[in-house]
Student: 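Let me give you the structure first, and then I'll get to my questions.
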Amino acid sequence: MSLFDKLRTGNDQNAPRPAVPSVRGRVGPGVASSTPNVTKSGSAPSPSIVPRVSRLSNGLKEFLCHLDGIGRGHLLDLGPARQTTITFFIERGFKVYTEDLLATWKKFLDAEEKQWRELPPGTVGLEMTQAARAERFLESTLRYPEDTFDAVLVWDMLDYLDGDLVSRLVARITSLVRDGGVAFAIFHSRKPDTFHRYRVVDAQNLELIPAPCPFAPQRVFQNREISDLFRRFRSTRTFVGRDQLREGLFVK
């Protein structure tokens, strides 16, 4: 069964399922140390190996401050399941749910392309505009009840998605966050050369993990565009780092 089928089947349930002990995808073993590899002779790693990067995250710090005192809350991580991130929030009393949206979107597009190619000649197929595809995608994923989550980790995926999907996706995320809840997102100040996944190291630090990129970066959001996307949140804050990353904190 494909990941797309699994997600479609899992999303038919009315109640969301926590990432631990049961997840939509397996939770992998603990992530390896971020210390660069060194050969026995003490030489540096090959230049072709892109090292992991740790960065101080003021946005994460404020995100956690906002969650302090919630108690047994619900958190949605829209990146791949990272054991260290899941454990970090479970230890703080949260139930953690994972939906790797970029991977799911890629599977969805591949499945629709395959279906379109296999149509008999003369058959009227699905509408293949970006807007129609975005609507169909959101009919099959993130099907949680409204006001389910106290917190959502959006990461930087909005930079990699089609515009028609971005606006609809943020609207869906908004509906899933309870009043008083918070979303945390990352935006690039210029189109990145390397795609990264993220994991929480501690209360102030993130690790950026180089990974294969399922999509090319689509745009660089301006601050007013970000504010407009999250306009239904009552408070927005942006933290600018020296590494071309902006962190957005959105309180509903």
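Only this structure's heavy atoms are used, side chains among them; waters, hydrogens and symmetry mates stay out. Just so it is clear, the structure is predicted and the values come from calculations on it, not from any experiment.
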Student: Any pair with a residue in residues 56-73 that passes salt bridge (charged side-chain N to carboxylate O under 4.0 Å, His left out), sequence neighbours left out, goes on the list, sorted by first then second residue, please.
Tutor: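 Non-adjacent pairs meeting salt bridge (charged side-chain N to carboxylate O under 4.0 Å, His left out): E62-R237.
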Student: Got a second to check how far E135's CD is from L165's CG, nearest 0.5 Å?
Tutor: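 One gets 10.0 Å once the value is rounded to the nearest 0.5 Å.
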Student: Answer yes or no: is there a donor N or O on one side and an acceptor on the other, between the side chain of S140 and the main chain of F137, under 3.5 Å?
Tutor: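 At least one qualifying donor-acceptor pair exists.
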Student: Any side-chain heavy atom of D243 within less than 4.5 Å of one from V53?
Tutor: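 Side chain of D243 against side chain of V53, heavy atoms only: no contact under 4.5 Å found.
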Student: Could you report the tightest heavy-atom contact between T194 and P210, atom names first, then the distance?
Tutor: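 Answer, listing the atom of T194 first, then P210: CG2-CB, 4.3 Å.
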Student: Looking only at heavy atoms, which two atoms of G79 and T98 are closest? And how far apart?
Tutor: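 For G79 versus T98, the nearest heavy atoms are O-CB, 4.4 Å.
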Student: Should L60 and V240 be regarded as members of a common hydrophobic cluster, given that ILVMFWY residues are connected when their side-chain heavy atoms come within less than 4.5 Å of each other, either directly or indirectly?
Tutor: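 No: no chain of side-chain contacts under 4.5 Å links L60 to V240.
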Student: As a quick check of understanding, evaluate side chain to side chain contact (heavy atoms under 4.5 Å, CB included) for D156 and L245, giving each step before the final call.
Tutor: CA-CA 9 Å; D156 65 349; L245 291 181; 5.8 Å; no
Student: So among L158, L161, V166, D162, which one has a side chain to side chain contact (heavy atoms under 4.5 Å, CB included) with Q218?
Tutor: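 The single option meeting the side chain to side chain contact (heavy atoms under 4.5 Å, CB included) with Q218 is D162.
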Student: Against Y160, only a single residue in F215, F195, F221 fulfils ring pair (Phe, Tyr, Trp, His ring centres under 6.0 Å); can you say which?
Tutor: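 When ring pair (Phe, Tyr, Trp, His ring centres under 6.0 Å) is applied between Y160 and each of F215, F195, F221, only F195 qualifies.
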Student: H188 side chain to R219 main-chain N or O, any donor-acceptor pair under 3.5 Å?
Tutor: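 No; judged by distance alone, with no hydrogens or angles, the pair does not exist.
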Student: Can you find a heavy atom in the side chain of Y144 that is under 4.5 Å from one in the side chain of H74?
Tutor: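 Answer no - side chains too far apart.
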Student: Do the side chain of D159 and the main chain of F187 share a donor and acceptor less than 3.5 angstrom apart?
Tutor: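 Not at all, since once roles are kept as given, no pair shorter than 3.5 Å links the two residues.
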Student: Nearest heavy-atom pair of V154 and A183: which atoms, and what distance?
Tutor: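 Closest approach of V154 to A183, heavy atoms only: CG2-CB, 4.4 Å.
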Student: In Å, rounded to the nearest 0.5 Å, how long is the span from CZ of F250 to OG of S227?
Tutor: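 Output value for this atom pair is 7.0 Å.
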Student: Any chance the side chains of T174 and R232 put a donor and an acceptor closer than 3.5 Å?
Tutor: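 No, because no side-chain N or O of T174 sits under 3.5 Å from a partner of the opposite role on R232.
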Student: With a 4.0 Å cut-off on N to O distance, would you call K107 and D100 a salt bridge?
Tutor: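 No, no charged N to carboxylate O under 4.0 Å.
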Student: Side-chain contact, heavy-atom cut-off 4.5 Å: D147 with K252?
Tutor: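 They are in side-chain contact.
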Student: Following the transitive rule for hydrophobic clusters with a side-chain heavy-atom cut-off under 4.5 Å over Ile, Leu, Val, Met, Phe, Trp and Tyr, establish whether V201 and F88 coincide in one cluster.
Tutor: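 No, no single cluster joins them.
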Student: At what distance, to the nearest 0.5 angstrom, does CD of Q83 lie from CZ of R199?
Tutor: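 If I round to the nearest 0.5 Å, the distance is 11.0 Å.
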Student: Before accepting this row, confirm whether a basic side-chain N of the pair R55/E247 lies closer than 4.0 Å to the acidic partner's carboxylate O.
Tutor: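 Counted as a salt bridge, because a side-chain N and a carboxylate O are separated by less than 4.0 Å.
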Student: What closest approach, in Å, do E225 and Q222 show between heavy atoms, and which atom pair accounts for it?
Tutor: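 So the minimum-distance heavy-atom pair works out to OE1-N, 2.7 Å.
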Student: Mark yes or no for whether R172, through its side chain, and L169, through its backbone, hold a donor-acceptor pair below 3.5 Å.
Tutor: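 Flag not set: sc R172 to bb L169 has no pair under 3.5 Å.
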Student: Answer yes when R178 and D150 have at least one side-chain N-carboxylate O distance shorter than 4.0 Å, and no when they do not.
Tutor: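 Here R178 pairs with D150 in a salt bridge, since their nearest N and O are under 4.0 Å apart.
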Student: Please examine the side chains of T148 and L76, heavy atoms only from C-beta on, and report whether any two atoms are closer than 4.5 Å.
Tutor: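 They are not in side-chain contact.
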Student: Restricting to side chain to side chain donor-acceptor pair (under 3.5 Å), what partner residues turn up for R136, sequence neighbours left out?
Tutor: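 E112.
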Student: Which pair of heavy atoms, one from R168 and one from A134, lies closest together, and at what distance?
Tutor: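 Shortest heavy-atom separation between R168 and A134 comes out as CD-CB, 3.8 Å.
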Student: Are the side chains of I226 and T236 in touch, meaning some heavy atoms are under 4.5 Å apart?
Tutor: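 No, their side chains stay 4.5 Å or more apart.
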Student: With no hydrogens and no angle check, is any side-chain donor or acceptor of T87 less than 3.5 Å from a backbone partner on T84?
Tutor: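 Not a single qualifying donor-acceptor pair exists.
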Student: How long is the span from the CZ atom in F149 to the CG atom in L75, to the nearest 0.5 Å?
Tutor: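 One finds 8.5 Å between CZ of F149 and CG of L75.
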Student: Kindly assign one of parallel, tilted or perpendicular to the pair W155 and Y198, based on the angle between their ring planes and the thresholds 30° and 60°.
Tutor: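 The arrangement is parallel - the two ring planes meet at less than 30°.
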Student: Walk me through whether I186 and L206 qualify under side chain to side chain contact (heavy atoms under 4.5 Å, CB included).
Tutor: CA-CA 12 Å; I186 294 174; L206 294 172; 4.2 Å; yes
Student: Any side-chain to backbone donor/acceptor pair from T85 onto V200? Under 3.5 Å, distance only.
Tutor: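 Checking the backbone N and O of V200 against the side chain of T85, a donor-acceptor pair under 3.5 Å is found.
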Student: Is there a path of hydrophobic side-chain contacts, each under 4.5 Å between heavy atoms, that joins L153 and F239?
Tutor: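 Per the 4.5 Å side-chain linkage, L153 and F239 are co-clustered.
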Student: I need the minimum non-hydrogen distance between P80 and R197, along with the two atoms involved.
Tutor: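 So the two residues come closest at CD-NH1, 3.3 Å.
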Student: Would you check if T141 and F108 make a side-chain contact, meaning some heavy-atom pair closer than 4.5 Å?
Tutor: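 T141 vs F108: side chains apart.
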Student: Is it the case that one hydrophobic cluster holds both L208 and V220, taking links as side-chain heavy atoms less than 4.5 Å apart, direct or via other members?
Tutor: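 The answer is no; the residues belong to distinct hydrophobic clusters.
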Student: Of all residues at least two apart in sequence or in a different chain, which pass the side chain to side chain donor-acceptor pair (under 3.5 Å) check with N58?
Tutor: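 For N58, no residue satisfies side chain to side chain donor-acceptor pair (under 3.5 Å) once neighbours in sequence are set aside.
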Student: Below 4.0 angstrom, N of the basic side chain to O of the carboxylate: do D110 and K106 qualify?
Tutor: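 The answer is yes: the pair qualifies as a salt bridge.
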Student: Given the rule in the side chain to side chain contact (heavy atoms under 4.5 Å, CB included) test, do M157 and L78 qualify, once you have shown the distances and angles that lead to the verdict?
Tutor: CA-CA 8 Å; M157 69 173 185; L78 295 178; 3.4 Å; yes
Student: Are there more than 12 heavy atoms of other residues, nucleotides or ligands under 6.0 Å from atom CD of E146?
Tutor: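 Counting neighbours around CD of E146, 12 or fewer heavy atoms of other residues, nucleotides or ligands fall under 6.0 Å, so no.
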